[in-house]
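Quick note on labels: first sequence line is chain A, next is B, and so on, each numbered from 1. The figures that follow rest on heavy atoms only: side chains count, while hydrogens, waters and symmetry mates do not.
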Amino acid sequence: MIARHPLASWLLRRLLLGIVVLWGAATLAFIALHLLPGDPARLIAGAESETSPAVIAHIRAEYGFSRPVLVQYGIFLAGLARGRLGTSYQLGQPVSAAIGGQLWSTASLALGAAVIGLVLAFALAVTTAGRPRLRAVTSTFELVCISTPSFWVGIMLLTAFSFRLHLFPVIGNSGISSLVLPWITLALPIAGVLGLVMREGMERALDQPFALTVRARGATEHRLRLRHAVRHSLLPVLTLSGWSLSQLLGGVVVVETVFARQGIGELVVNAVSGRDFPVVTGVVLLTTLVLVVINIVVDLLYRVVDPRLRAVRP
Amino acid sequence: MSARKQAVAGGGPVRQDHAGGRARPTRPILAAAALLLAVGPVAACTGSAAATAAGKSSSPVSGGTFTYAIDSAQLTLDPGVSVSAVTGFIDRNIFDSLVVQTGPGSFGPWLANRWTVSPDGKTYTFYLRSGVKFQDGTPFTAAAVKATLDHIANPASKSAYAISLLGPYVGATVVNALTVQIHLSSAFSPFLQALSTPFLGIQSPVELAKPAADYTPVGTGPFTFVSWPQHQDVNLVRNPGYTSPPSNAAHRGIAYLSALHFDEVSEDATRYGALTSGQVQGIEDVPPIDVKTLEQTPGFYTQSDFLPGLNYMLFFNTTSGPLADVLVRQALSASVDVPALVQGLYFGQFKVAEGPLSPDTADWSDSASAALTSYDPAKAVKLLEEAGWTTIDAAGYRVKDGQQLNLVWPYPAALNRQQRDVLAQGIQAYAKKVGINIERPTVDLGTLVSDFLAGKFDIADAAFARPSPDGLRFAFDSTQTYAKGGANVVGLDSAQVDGWLNAATATSSPAVAATAYANVQKYVLANAYVLPLYTPSLISGYTSAVHGISYDAQAYPQFYDAWLSS
C-alpha cells in the first residue's frame, strides 16, 4: 500500500539502504580496530601503565579477546542488532551515556559553525559573483581560510580577542560567549570552500540566457541574484554536504583541544588510542546515521531547490 | 612578586609524567611501559610542608575559589585504578594517606599515628587515628584500609598503576577498629613510600562497594568531591569536618580555600593565556620558554620543582643489534653534547642529567656520574673503529660487514611532550657526525607496545618520577621485563645488579641501601645501558593573589595550606 506512493517507497528503500550502510560501517570499524597493531588488553589498561599481568589477563578474559575473531564479530553484531552498544572499557559507563554526555557540546559547536559557514559563504557569493574586483579580494580571503590550519586560527583568535581584548572567555563550556571563537574557527574553512563553489555556480547561472531574459523583464540585479541565481548555486552546496560534515567532525577535534572544550572529539581520540571498541563503534554508528539522514534530506531538498527534478520520478 | 620560588618538597610519591597535552589524555603515570614518559625530578625534599609561600606572606585568609588549569585528561577519578599522574594530583585533595613522606627517605604520621614493621619486613602494623570520618560520614577504621588495598589488588578493578605500588601485597588483617596489619610476601622497603602516595589514599568502603560506573571519590581529605561534568573539569568544595592533616602541614583544621576547581586545558598556549588573562589563578606546566616572560609580568609568579625518580633518558636495547656492543653504546654516548642540547632547548628550566637518578632522589649517587661516557666526538670515533665500524659509506654512515650503522628509535607522537621531538633531532644530528644513523619512525601506541614486546627497537626514551630509588629496580632488575609489566627494556640481566637491587629492597639499613643503589647507578652508566638527558621540573604559574602553595615529595603543588588574598 505504502509502496505504491512513489515518495514513500523511495523513502523506504533509502531507509533499508541506510541500515545496510550502518552494518557496513560497523563492520569496517570492527575490522579496522582489529587490524591496528598492539595487544588491545594492554592498551585498554593504558599503554604506559605498569599494570600487572593478572590485570591484563582479567581484561582479556572479560572482553573475550582470546576468542576467534569471527566469534567476536558475531557477538558484536548480535549486540548491535539488539540495540546494545555495550559498556565503555575505559570509562566503565554505558556507551550511550558516554556519547550522550558529550553530544550536545559537539553538536552545538558543529551546528553553529555550519550555519555561520553557510551564511558567510552565501554573503560572499551573492555580493561578489560576476564582479571581478571584489571577487579577487574575496577569493584570496577564501583561499586563506581554506589553507590556514584551524589550530593556528584558533590560537590567533584567542590571542586577539581573549588574551588581549578580554572580549570572550579563554576556556569554558558554558554560554554563547564561549562558543563564538570556536564557531568562527570551525566555520572559516567551510565558508571558504562553499563560498568558492557557490560563486562559481552563480556566475555560471548569470551567464545563462535565462539571466538575460530576467533582466529583460526589468528585474533588478538583486532580484536576479537572490531569486534566480541563488538556486543554481545551492545545488553544489547540497552535494558537498557530506564533505562539510566530515570537515566539521575533523575540525571539532582540533577546535575542542585549542579551546579546552569537552566533546566527542576527545572522547574518540581517547577511545581509539585505548582500543575502547564499544565507544569507537558507537561514535562510528552515530556519525554514519547522521550522514545517512543528511543524505536523505539532501536528496529531498534537491527537489525543492530544483523544480526540474520534481517532474522526475524519484 | 614575580620572583621565582624554588619550592621544596617533602617526600612523596610517585609520579610519572603526564602525558601531556594533546596526547591522549590520559595517561600518565606510568612508566612502565612507558618508557616514554618522562618524568621527573625531584623535589628537594625538605621535609616539610615546606612550602614556600608565594607572594608576601601576611596571615592566611579563609575563603575564595581557586581555579587551577591542568594539562591532561583522565579517564577515572579512582586513584586506585587511574593510570594518570594528574588523577593523583587532584585526588590528593580528597584523600589522606596512612603516612606522609617528609624527606627522601623519611616518613611521618598521617592517618596512622604510628606503625611497626616486623623484623622480617613482611608485616606492617598501623595504629590509626581515631575520630576521623570520611566525607560521606562513614567512620575511618581499619576495615577501610583493608577495603582500599583489596580494591586495588583485585584484578577486576583493573588498577593500572596503584597495583604496581602495592608490590608483594598479600592481604590485610583487621586487628581491631583502629589497628590494621598488612602482610607482604617478601620484605619491600619502598612500601611506606608507596602508602604515602595519593594512589593508595584511603577510600570510603561504602563507595568502593558500588559498581565502577557509579564511583565517586570519597576520602577523609580537606576537600570533598562535587562534580566532574563531561569528564572534564573537576569541582571540589572544602570539607567542613576536616580533622586529619598530615604531620608536616603548616596549619591544622579545615582548609583555607572554600572551593577548588581543576580545569582541563591541554593546549599550552591556551592554558598560559587563561592565566595571563585572569581566568584561572594557577596553571601547571608553564612552557620553559615562557617562564622568564611570566616572571617579568607584574602580578604573576612561577614555582618549580625538579622531579625525583628516574631522569629522562635514552634506554639502549642491548639484546640485539649494534647496541649489543658496549663500545657502540659508549660511542653513541660520547657523540652527543647533552649539556648543550638541554641548555639550548630548556633555558635552564630543566637540569642536565648525569646519571639515572634525579639528584633529589634518596640514595642518589654523586660519584656515579664519573662512570658516564660524556661528550667527546674524537673518543666516539675511536670507540666505533675499535668495535669494527671502520668504513664510511657514501652517505657518511659507518659500515661493518656490509651493514650500515642504523639505530631505530620509535617515535610515538601521541606521547611527545617537553619538546622531546626537538631534542631527539639534536641527538640525531650529533650521532650523524660520527657516522651513526638514528631513524625515528612514527608509531602509534599499539605498535610501540608490540615493538617493545618483540624487542624491535634499538633506543627507547622515558622518565619515571617517583621520590624513591626503587625506579632503578623497575628499570634494571632482570625480572622486571616489559612483558611482565616492568620497564627493563634494555635487556639487563645481571645477577650482580639483581643482587644489589634485592639487597637495597630488603634491607632496613639505610647505609646498605645507599651503597647498593650507588653500585647500580654506576654500573648502568659504566656499561652505557642508558644515556641520561635531563631532569624535568614541574613548573607552575600563579597570580600573585595565590599564597601558601606547598609541594609534596613528588613535586606536586598541595592546596590544603593555600589561600587567596583579595
Return yes when atom CZ of F161(A) has more than 12 non-hydrogen atoms of other residues, nucleotides or ligands closer than 6.0 Å, and no otherwise.
-> no

R261(A) versus Q232(B): any side-chain heavy-atom pair under 4.5 Å?
-> no

Rounded to the nearest 0.5 angstrom, the CG-CD distance for D233(B) and Q262(A) is 8.5 Å

Residue pair E267(B) / I155(A), side-chain heavy-atom distance below 4.5 Å | yes

L165(A), CG: over 12 other non-hydrogen atoms inside 6.0 angstrom = yes

Contact summary for S277(B) and S162(A), nearest pair of heavy atoms = CB-O, 4.0 Å

What is the distance from atom CD of E264(B) to atom OG1 of T257(A), rounded to the nearest 0.5 Å?
-> 9.0 Å

Does any heavy atom of chain A fall under 4.5 Å from the side chain of V443(B), the backbone, both, or neither of them?
-> neither

Distance (rounded to the nearest 0.5 Å) between T270(B) OG1 and F163(A) CZ | 5.5 Å

Where on R275(A) is there a heavy atom nearer than 4.5 Å to chain B: the side chain, the backbone, both, or neither?
-> side chain

D444(B), D214(B), V81(B), N154(B): which one forms the most heavy-atom pairs within less than 4.5 Å of chain A?
-> D444(B)

Nearest heavy atoms of A213(B) and Q93(A), plus distance in Å | CB-CA, 4.2 Å

What part of T76(B) gets closer than 4.5 Å to chain A, counting heavy atoms only: side chain, backbone, both or neither?
-> neither

One option among S450(B), P229(B), G273(B) has the most heavy-atom pairs under 4.5 Å with chain A, and it is G273(B)

Leading residue by heavy atom contact count with chain A [cutoff under 4.5 Å; candidates G278(B), A274(B), S157(B)] | A274(B)

Counting only heavy atoms not in K456(B), do more than 12 fall under 6.0 Å of its NZ?
-> no

Just wondering, do H231(B) and E266(A) contact through their side chains at under 4.5 Å, heavy atoms?
-> no

More than 12 heavy atoms of other residues, nucleotides or ligands under 6.0 Å from CH2 of W243(A): is that the case?
-> yes

State whether the number of non-hydrogen atoms from other residues, nucleotides or ligands found under 6.0 Å of L289(A) atom CG is greater than 12.
-> yes

Smallest separation among heavy atoms of Q230(B) and G101(A), with atom names = NE2-O, 3.0 Å

Closest non-hydrogen atom pair between P155(B) and V55(A), with its separation = CA-CG2, 4.2 Å

Would the number of heavy atoms belonging to other residues, nucleotides or ligands and lying under 6.0 Å from CH2 of W23(A) be above 12?
-> no

